[in-house]
Structures are given as structure tokens and as C-alpha cells.
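Lettering follows sequence order; numbering is per chain, from 1. Note that the coordinates shown come from a computational prediction; the quantities given were computed from them, not determined experimentally.
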Amino acid sequence: MAKSDVKVLGAWPSPFVMRPTIALNIKSVEYEFLQEDLGSKSELLLKSNPVHKKIPVLIHGDKPVCESLIIVEYIDETWSSAPSILPSDPYDRATARFWAAYVDDKVFPSMKEIFIAEGVEAKKAAIQQLVDGLILLEDAYVKCSKGKPFFGGNQIGYLDIAFGSYLGWLIVTEKFNEVKLLDEAKTPGLAKWADIFCADPAVKDVMPETDKLAEYAKVLAKMRAASK
Amino acid sequence: MAEEVKLFGIWGSPFSRKVEIALKMKGVEYEYIEEELGNMSPLLLKYNPIHKKVPVLVHNGKPIAESVIIIEYIDETWKHNPILPQDPYERAVARFWAKFIDEKCLPALWNSTWSKGKDREAAIEEASQHLNTLENELKDKKFFGGEEIGLVDIVASFVGFWFGALQEVSGLELLTEEKVPKLCKWSYEFVNHSVIKENLPSRDKLVAYLSARFADASK
């Protein structure tokens, strides 16, 4: 299909936006990336996602698909030739979906909490909560990968995409708080996995640079302080 | 190999009933284990150590948690009487609405019943908007899934059945024929569907239970 038949509405700092772009890269599907202006929403976005008005949105032909992980499943089912993104076995699929939901419902809010927490004690508690979650994910990584490099085995899969899309922000969190979140002592598997994931050809061009993200995080923090 | 299917649930929980509906639609035989809110069994805690909640499906010894994930597992394991559509775009749409109902509608409807003061007003406003959104999505279909119930209908059972009971207890009037006529018609079709009506808790028992909780909460 022509490149213009597949569009992704997104913004470069968003971990959620990376999910469909990584998935499209894995499938070698050409797409047009339409950058939304941070702070304002385009007509196209409002028309394509009237319920949530959020990115990412995949527009395939004239059909919009919303919600990052739903988009990833759509990409896997539409461009169904190898490599597969979701595992083929129903139990493995349920496991991957479970941990992806865990990442979104528990790990990401913990990370945000660290940025918002005020005072040393609150920050420490938020960091500990995140670390506890990462240790659970380390265990999931060991079970899912079965000795191979990715959660998905030899190739990047659904759970790699779900969790890996947060790595840019995880690194910024480490920098701002001078703490190691994925480290060789507590999460050795994930520490190695993170490097392999970020270096993968499907990922490296869509993963934002840490310095750029760090600058953006500082801007967000200033905005938050100003609005109090 | 003989199939061994167990479901851990709670009689009044919309989440475990959703899974029961899915199993019944597929005609899958299962053993049901009733759990108690606030006093989960050691077995449940072993099968769902992360969230410690129902429902949990255990298939041939392997546990699966989270109601919609379990329903997708059931659909992929027992392929007859499909719950999700076949077409990838329609599947994405079904998953979208299931997520909207679970993550937006349900909390707003729940909070509009139980919270107080300004929080309650905000929840009521939000719940009204979400019900209108669902009304618009339903259009003239008999069910969200078309002619037959599908994933979205199952997930919307909270709206179709539980919220009716909650309204009776709280006196709220959000799901009314005046405000959302199509959704009300859908609720009627849904609770009277042959598979659904045998798999809902007794309305009287539910109303009694919720009334007691509501009375306690109002003190």
C-alpha cells in the first residue's frame, strides 16, 4: 500500500506513540508520521479520536484506530505475515497482555508519581514503588523470554513494545533522581534487555534522544510549578 | 487431555460474571469457586498474587487474570461462537469500546453512586457524557456486536444490569428512556438474552446487598 495510506498521528515525546511506530517498523510498513503540536490538537486528531482526543491514532486508508496497544494488535492482525508481534499460543498471548496492562496501570503511574512527588520522603517512597514493580517485571522477563533476548523470544514482541516504549522516560527519571532503576544487581535481565531493545533497528530511529526528553521534562516541570 | 476449567469469582461481581457469560456462550464446562470479598482464599492468592482479585480462570492448571484478557483467551481457545469479530478493524473497534466502558464508564457510574459532594457532581456529569457516547455508538444496532452479543455487550453488562440496580438504590436517574432511549432498549434486550439471563445474579439479592452498603455509606 502507498505510504500515504498509513498515517500515525503522534508527538515525539510520547511513549504511547512509539508503540505503533515500532510495530509498523517491525512489519516493514511505510507510514507518514504527522506530528501533533504539543499543547494544541489538530482537526484531524479531533475528528479521528473524538472520544479521547489523544494520540496516537493510526489512520489506515480512512479508518482511524485508537489506543496504542489496540493499534499494535491491529497492525499485527492486518499485516499478518512474519514477524509476528503477539505470541501464537493463547496462554502466552494472555500473559503478554496481562503484563502490558500491568505496565500501563502500575509502572507508568509510579514513574509519573516520582516526578510529581514533593519532598525527599515522598520521592523515596515513589521510587521504591517503581522499583518493586520493575522487580516483578524482571521475573516476568525471565519467564517469558526463556533465555532468549526479548520478552517475545528472538524478536521484539508485544510486551517488549509495551514496556520498552517507556525506556526513554525511565532513563530521564534515573538522571533527574540520581538513581539506577534498571540495574545489574536487582534487574539484571532487564538491564541487558533495555540496551538490546533500544539498539534494535525497529526502535532506534523512533526512540527519542535522552537529552531532548530531559529538556522537555524540565519544561513540563516548570509548567507544573507555574500552574500551582 | 480432559479439559480442566476452574473459575474463581464472586456472586455479585460484574467482572467474574462477564467471564461466566463468555464460558456459557462457548458451552465450556467449568468448576466455579465462590470467593469472599475481603477474604480471598490462599488458592486465589496463589493464582493471582499480583492483583489478588477475581475473576481468575485456571485452565489445565494455568491461571489467567483480568476479565477482558480472560475473555480474549476464551475466544482464542474455544473458537466456535466467536465473541470478537473476525475483521481486524472491527476487532480494534470492539476492543476500543470495551476499554472505554471498563476504564471510563464504569468508574464514573460507580463514583456517581458512592462519592459525595463536588466529587459526586463531577462524576454524575462525566457518567452522563459517557452514557451519551455509548448511545451514539449503539446507533440502530440490536447489540453492540450487531445481531448477536459480542465483547462490547459482555463488558457493558455493568451498564445493562448492575447500574440499573445501583440506580434503584441511589435514586440517580442517568440510564433513563428519556435520556438514552437506545441504551435502555439495548439493556432490555441484553438482560433478556437467553445466555445472559441465566448468568446474572438475582436482581433482588443484588439490590438488597447494595441497599445495605448504601445505607452504611450514608451514615
> Take A/Lys106 and B/His51 through the side chain to side chain contact (heavy atoms under 4.5 Å, CB included) test and state the conclusion after the steps.
CA-CA 11 Å; A/Lys106 305 279 180 195; B/His51 299 301; 3.9 Å; yes
> Of the backbone (N, CA, C, O) and the side chain (C-beta and beyond), which part of A/Pro50 lies under 4.5 Å from a heavy atom of chain B, both, or neither?
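Neither the backbone nor the side chain of A/Pro50 comes within 4.5 Å of chain B.
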> Considering residues, nucleotides and ligands other than B/Tyr32, do more than 12 of their heavy atoms fall under 6.0 Å from its OH?
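Enclosed: over 12 neighbouring heavy atoms sit under 6.0 Å from OH of B/Tyr32.
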> Counting N and O atoms only, with roles assigned by atom type, does the side chain of A/Tyr91 sit under 3.5 Å from a partner on the main chain of B/His59, one being a donor and the other an acceptor?
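Checking the backbone N and O of B/His59 against the side chain of A/Tyr91, no donor-acceptor pair under 3.5 Å is found.
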> What part of B/Ile70 gets within 4.5 angstrom of chain A, counting heavy atoms only: side chain, backbone, both, or neither?
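Neither part, no heavy atoms under 4.5 Å.
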> Would you please name every residue forming a side-chain hydrogen bond (donor to acceptor under 3.5 Å, both in side chains) with A/Glu73, sequence neighbours left out?
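For A/Glu73 the side-chain hydrogen bond (donor to acceptor under 3.5 Å, both in side chains) partners, ignoring immediate neighbours, are A/Arg97, B/Arg95.
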> Output the distance between atom OG (A/Ser88) and atom CD (B/Glu76), rounded to the nearest 0.5 Å.
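Going from OG on A/Ser88 over to CD on B/Glu76, the span is 10.5 Å.
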> Donor-acceptor pairs are to be reported for all side-chain atoms of residues 135-147 of chain A against protein atoms at under 3.5 Å, with residues two or more places apart or in another chain.
{"from": "A/Glu138", "atom 1": "OE1", "to": "A/Gly189", "atom 2": "N", "distance (Å)": "3.3"}
{"from": "A/Glu138", "atom 1": "OE1", "to": "A/Leu190", "atom 2": "N", "distance (Å)": "2.9"}
{"from": "A/Glu138", "atom 1": "OE2", "to": "A/Gly189", "atom 2": "N", "distance (Å)": "2.8"}
{"from": "A/Asp139", "atom 1": "OD2", "to": "A/Lys143", "atom 2": "NZ", "distance (Å)": "2.8"}
{"from": "A/Tyr141", "atom 1": "OH", "to": "A/Pro149", "atom 2": "O", "distance (Å)": "2.7"}
{"from": "A/Ser145", "atom 1": "OG", "to": "A/Tyr141", "atom 2": "O", "distance (Å)": "2.6"}

> Counting only heavy atoms not in A/Gln129 (residues, nucleotides, ligands), do more than 12 fall under 6.0 Å from its CD?
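It does not: A/Gln129 CD has 12 such atoms or fewer within range.
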> How many angstroms lie between atom CZ of A/Arg93 and atom CD1 of B/Ile69, to the nearest 0.5 angstrom?
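Rounded to the nearest 0.5 Å, the CZ-CD1 separation comes to 12.0 Å.
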> If I compare all heavy atoms of A/Tyr74 with all of B/Pro88, which pair ends up nearest, and what's the gap?
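Scanning both residues completely, I find the closest heavy atoms to be CD1-O, 3.5 Å.
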> Within a reach of under 6.0 Å around NZ of B/Lys118, are more than 12 heavy atoms found that belong to other residues, nucleotides or ligands?
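For B/Lys118, atom NZ is not crowded (no more than 12 foreign heavy atoms under 6.0 Å).
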> Let me confirm one number: the OH-CD distance from A/Tyr102 to B/Glu66, rounded to the nearest 0.5 Å.
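If we round to the nearest 0.5 Å, A/Tyr102:OH and B/Glu66:CD are 11.5 Å apart.
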> Go through the atoms of B/Pro49 and report whether side chain, backbone, both or neither lie under 4.5 Å from a heavy atom of chain A.
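No part of it gets close to chain A.
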> Hey, is NZ on B/Lys179 packed in by over 12 heavy atoms from elsewhere, all under 6.0 Å?
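Yes, NZ of B/Lys179 has more than 12 neighbouring heavy atoms, counting only those of other groups under 6.0 Å.
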> Measuring from atom NE2 of A/His52 to atom CD of B/Glu103, what distance do you get when rounded to the nearest 0.5 angstrom?
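If we round to the nearest 0.5 Å, A/His52:NE2 and B/Glu103:CD are 8.0 Å apart.
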> Can you measure from CD1 (B/Ile64) to CZ (A/Phe98) and round to the nearest 0.5 angstrom?
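The CZ atom of A/Phe98 is 11.5 Å from CD1 of B/Ile64, to the nearest 0.5 Å.
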> Taking everything shown except B/Glu177 itself, do over 12 heavy atoms lie less than 6.0 Å from its CD?
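12 or below, so no.
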> Can you tell me if NZ on A/Lys47 sees more than 12 non-hydrogen neighbours from other groups inside 6.0 Å?
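Open.
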> Please indicate whether A/Lys54 has more than 12 foreign heavy atoms, meaning atoms of other residues, nucleotides or ligands, lying under 6.0 Å from its NZ.
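Open.
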> What pair of heavy atoms forms the shortest contact from B/Ala92 to A/Val65, and how long is it?
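Between these two residues, the closest heavy atoms are CB-CG1, 3.8 Å.
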> Would you mind telling me which of B/Phe96, B/Tyr89, B/Phe100, B/Tyr73 has the largest number of heavy-atom pairs within less than 4.5 Å of chain A?
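Highest number of pairs under 4.5 Å: B/Tyr89.
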